[in-house]
Amino acid sequence: MAQERERGITIQSAAVTFDWKGYRVNLIDTPGHVDFTLEVERCLRVLDGAVAVFDASAGVEAQTLTVWRQADKHKIPRICFLNKMDKTGASFKYAVESIREKLKAKPLLLQLPLGEGKAFKGVVDVVSKEKLLWNHPSEDGKDFERKPLLETSDAELLKETAEARNDLIEQVADLDDEFAGLVLGEFSENFDLLPTEKLQAAIHRVTLAQTAVPVLCGSALKNKGVQPLLDAITMYLPSPEDRNYEFLQWYKGDLCALAFKVLHDKQRGPLVFMRIYSGMIKPQSAIYNINGNCTERVSRLLLPFADQHIEIPSLTAGNIALTVGLKHTATGDTIASSKSSALAAARRAEREGEKQHRQNSEAERLLLAGVEIPEPVFFCTIEPPSVARQPDLDYALKCLQREDPSLKVKLDPDSGQTVLCGMGELHIEIIHDRIKREYGLETYLGPLQVAYRETILNAVRATDTLDRTLGDKRHLVTVELEVKPIETSSVTPVIKYAPSVSEDLPKVSQEAIENGIHSACLQGPLLGSPIQDVAITLHSLIIHPGTSTTMISACVSRCIQKALKKADKQVLEPLMNLEVTVMGDYLSPVLADLAQRRGTIQEIQTRQENKIVTGFVPLAEIMGYSTVLRTLTSGSATFALELCNYQAMNPQDQATLLGRRSGLNQVL
């Protein structure tokens with residue numbers, strides 16, 4: 001993407017397929033920025049293993065923790081690669097220590113660096129006791145020499161490597177029983193005689209069990225240390241056969257795939273990325289989307305190579321495919337070869353479930369767990385340059401939403417504005433930029449209107465009569481009802497009928513009454529916001545024969561509005577549950593900032609070096625918080641927001657808000 005080249009960061013995950021020493025590798029490069037967490041989430045969902053890349057001078061950073069937790073959630077075996085070993089200030093020891101401390105992982109040192117910073121020239125392979133040197137003038141790092149460590153020339157280094165190898169053997173033996181038996185048995189006297197293959201097999205098992213992580217180092221800029229990393233990927237990370245997926249047994253070799261990403265291509269239309277779990281996929285074949293319950297046709301099948309694609313005749317399980325021609329498939333959809341194949345799998349799953357007395361619906365068991373989409377934390381409004389371009393903007397947003405489910409677009413029913421909800425300021429800025437570049441639309445971003453709600457504080461009774469003659473028909477309705485506040489939170493009004501009313505109330509009239517009640521509660525008397533937490537009891541209802549249902553609704557609606565105006569009214573504002581993860585040093589500025597935002601702190605917990613602050617903050621005060629928080633904490637803090645509930649505003653804030661809304665502050 002043009003934006004990626006300009007900013008020098010990854011924004012969208014890119015896939016590439018390549019072969020290495022007889023292995024086929026499907027690689028996905030994911031972004032590291034906090035605003036693009038969904039990209040990481042949905043790629044981790046379909047991968048078998050991961051390489052966590054660290055900056056050797058910084059070690060574990062704030063976003064590393066987030067991504068590491070996501071990988072933990074999906075139970076993905078990992079290898080750590082300490083990159084930028086040639087950068088000034090790079091420290092292998094510090095980076096390994098931070099992995100141990102902050103990530104609570106057990107690092108297995110498979111390599112030691114030869115020099116650090118500007119002096120970095122290669123690595124020592126601890127497992128095979130060899131040194132790998134990149135001395136050649138070639139800039140791409142293709143050529144390197146691999147030499148065994150000799151007593152004569154590298155006595156000091158050999159000693160250090162032997163110690164590291166013995167530590168590694170002991171660490172692995174602690175974690176793997178089979179290997180421990182071997183070490184304690186025939187090789188207990190001399191670890192040097194332990195065959196490399198046995199050690200590698202044990203590291204592979206330990207990595208798969210996720211009890212430890214192999215650590216390698218290098219510098220990607222000059223490709224130093226990349227070849228041994230690729231060897232380690234093929235050797236230690238799981239192949240698709242190593243991962244055991246419970247659902248595959250129901251499909252019995254039929255096609256089962258998960259769509260995890262959609263891209264829009266100007267020429268080809270939507271391109272859908274899929275991970276194939278079983279079976280095979282061919283162009284011009286029909287496939288069945290279980291989530292969407294629809295059959296679609298794959299017109300072409302491509303292998304992804306970042307921004308170039310190669311057309312292929314078929315693709316088998318364990319691969320990542322790029323399909324052209326699917327119009328309705330979205331992120332997180334499960335794909336099968338046909339409806340009958342999906343039903344057969346469902347029946348197998350059901351039979352198995354009965355044996356094990358599991359109670360969950362067939363469809364649920366068949367669907368691969370989709371992708372969890374994080375809740376948006378940043379909101380703003382977007383407007384087209386003119387009303388005539390609104391359909392173009394809607395189309396652009398629809399395409400972008402299909403590509404990026406963490407972008408949510410809502411139409412605010414109160415103000416009629418289009419609201420963008422995203423993962424942060426950068427996320428929205430990139431979307432804004434893409435709309436301009438890819439769809440040629442100059443849009444305007446504005447601050448968000450907060451969706452307030454209203455309620456009442458005391459019970460009120462009201463009576464209303466509607467008497468109209470339309471043509472030769474007389475419509476007459478008299479209603480008496482009571483509106484009162486309730487303790488429990490309820491978005492829709494709770495409707496009750498007095499015994500005298502409910503006895504002979506026809507269904508048609510009841511529907512009309514409920515429609516009237518719901519429409520009246522959409523607009524409150526203070527701000528025109530929806531009313532919540534109220535119960536409405538209908539005490540009497542007199543309907544003249546022949547009165548239309550519309551008139552009944554209108555009368556009930558008018559009567560409620562009358563009652564609401566008489567009551568003591570209260571504005572409720574949306575309250576967000578906020579959890580800030582911040583390093584101890586930055587705790588006080590973060591707390592001071594939250595106090596200014598009318599936040600209430602519930603508790604502060606300690607997790608390793610970090611403090612976890614949980615509390616509530618009104619949504620109105622959280623505008624632009626992501627940027628402020630990053631500024632306050634040098635980018636080390638992360639935060640999560642979710643709507644908690646609506647809370648009554650204090651009288652002072654309410655008066656300020658009403659004054660601002662009614663235009664008293666417009667002059668300012």
Side-chain angles (χ1 to χ4, degrees), residues 410-417 449-574 645-646 648 658 661-662:
K410 292 195 296 220
L411 193 67
D412 189 337
D414 305 337
S415 62
Q417 290 175 303
Q449 299 285 328
V450 178
Y452 292 100
R453 299 272 170 87
E454 297 177 30
T455 189
I456 54 170
L457 301 172
N458 55 346
V460 183
R461 267 193 175 208
T463 316
D464 200 4
T465 305
L466 186 80
D467 191 351
R468 292 265 172 88
T469 307
L470 296 176
D472 53 353
K473 255 188 171 182
R474 185 178 181 203
H475 300 272
L476 175 64
V477 193
T478 303
V479 176
E480 185 186 346
L481 49 77
E482 180 184 30
V483 182
K484 63 176 180 200
I486 51 172
E487 290 300 313
T488 52
S489 178
S490 162
V491 182
T492 51
V494 176
I495 302 168
K496 299 173 184 166
Y497 297 98
S500 55
V501 178
S502 56
E503 276 166 15
D504 49 357
L505 188 67
K507 190 150 180 50
V508 186
S509 305
Q510 189 178 337
E511 275 177 19
I513 291 164
E514 290 180 9
N515 285 344
I517 291 175
H518 287 300
S519 68
C521 288
L522 286 176
Q523 279 202 318
L526 280 175
L527 296 166
S529 303
I531 298 278
Q532 69 170 35
D533 306 343
V534 293
I536 293 167
T537 313
L538 200 66
H539 286 292
S540 86
L541 175 71
I542 303 158
I543 306 174
H544 188 273
T547 302
S548 79
T549 51
T550 325
M551 291 297 173
I552 300 173
S553 293
C555 180
V556 170
S557 185
R558 201 167 73 176
C559 184
I560 288 174
Q561 282 170 342
K562 203 171 173 180
L564 292 174
K565 279 198 180 111
K566 282 200 284 189
D568 294 335
K569 298 167 282 289
Q570 169 74 56
V571 175
L572 303 174
E573 63 177 345
N645 56 12
Y646 277 82
L658 293 174
R661 281 292 178 96
S662 58

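Taken to the nearest 0.5 Å, the CG atom of L526 stands 5.5 Å off from the CG atom of L658. The OG atom of S553 sits 13.0 Å away from atom CZ of R558, with the distance rounded to the nearest 0.5 Å. Taking OG1 of T537 as the reference point, atom OH of Y497 lies at 10.5 Å (rounded to 0.5 Å). With rounding to the nearest 0.5 angstrom, the OG1 atom of T550 is 11.0 Å from the CG atom of L466. With values rounded to the nearest 0.5 angstrom, I486 atom CD1 is found 9.0 Å from Q532 atom CD. The line from CG of L541 to OG of S509 is 7.0 Å long, rounded to the nearest 0.5 Å.
The minimum heavy-atom distance linking Y452 with P530 is given by the pair O-CD, 3.8 Å. Closest non-hydrogen pair, C555 versus V477, comes out as SG-O, 3.8 Å. Shortest non-hydrogen contact noted between V556 and G516 is CG1-C, 4.3 Å.
No side-chain donor-acceptor contact under 3.5 Å links D568 to the backbone of L457. A donor-acceptor contact shorter than 3.5 Å links the side chain of E454 to the backbone of G528. Checking side-chain atoms of T547 against main-chain N and O of L476 turns up a donor-acceptor pair under 3.5 Å.
In this structure, the side-chain contact (heavy atoms from CB on, under 4.5 Å) partners of T549, at least two apart in sequence or on a different chain, are V508, A512. Not counting sequence neighbours, the partners of R474 by the salt bridge (Lys or Arg N to Asp or Glu O under 4.0 Å) test are D467. Partners of T463 under the side-chain contact (heavy atoms from CB on, under 4.5 Å) rule, at least two apart in sequence or in another chain, are T478, E480. For the side chain to side chain donor-acceptor pair (under 3.5 Å) test, no residue two or more places apart in sequence or in another chain qualifies with Q523. With sequence neighbours left out, the side-chain contact (heavy atoms from CB on, under 4.5 Å) criterion links P485 to I456. Applying the salt bridge (Lys or Arg N to Asp or Glu O under 4.0 Å) criterion to K562, with sequence neighbours excluded, gives D464. The side chain to side chain donor-acceptor pair (under 3.5 Å) search around Q510 returns E514, not counting sequence neighbours. Legend: residues meeting side-chain contact (heavy atoms from CB on, under 4.5 Å) with T492, ordered by chain and number and at least two apart, are S490, H518.
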message: Checking V483 against I531 for the side chain to side chain contact (heavy atoms under 4.5 Å, CB included) test, could you report, in this order, the C-alpha distance in whole Å, the side-chain angles of both residues, the deciding distance, and whether it holds?
response: CA-CA 11 Å; V483 182; I531 298 278; over 6 Å; no
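Around the NZ atom of K410, the shell of radius 6.0 Å holds no more than 12 heavy atoms that belong to other residues, nucleotides or ligands.
S557 is not listed as a side-chain neighbour of N515, based on a closest heavy-atom distance of 4.5 Å or more. Using a 4.5 Å heavy-atom threshold, the side chains of I560 and P493 count as separate. When side chains are defined from C-beta on, M551 counts as touching L470, because their heavy atoms get closer than 4.5 Å. In this structure, the side chains of K496 and V494 come closer than 4.5 Å at one or more pairs of heavy atoms.
Applying the salt bridge (Lys or Arg N to Asp or Glu O under 4.0 Å) definition to pairs two or more places apart or across chains, none involves residues 481-494. Residue pairs meeting the salt bridge (Lys or Arg N to Asp or Glu O under 4.0 Å) criterion with at least one partner in residues 518-540, sequence neighbours excluded, are absent.
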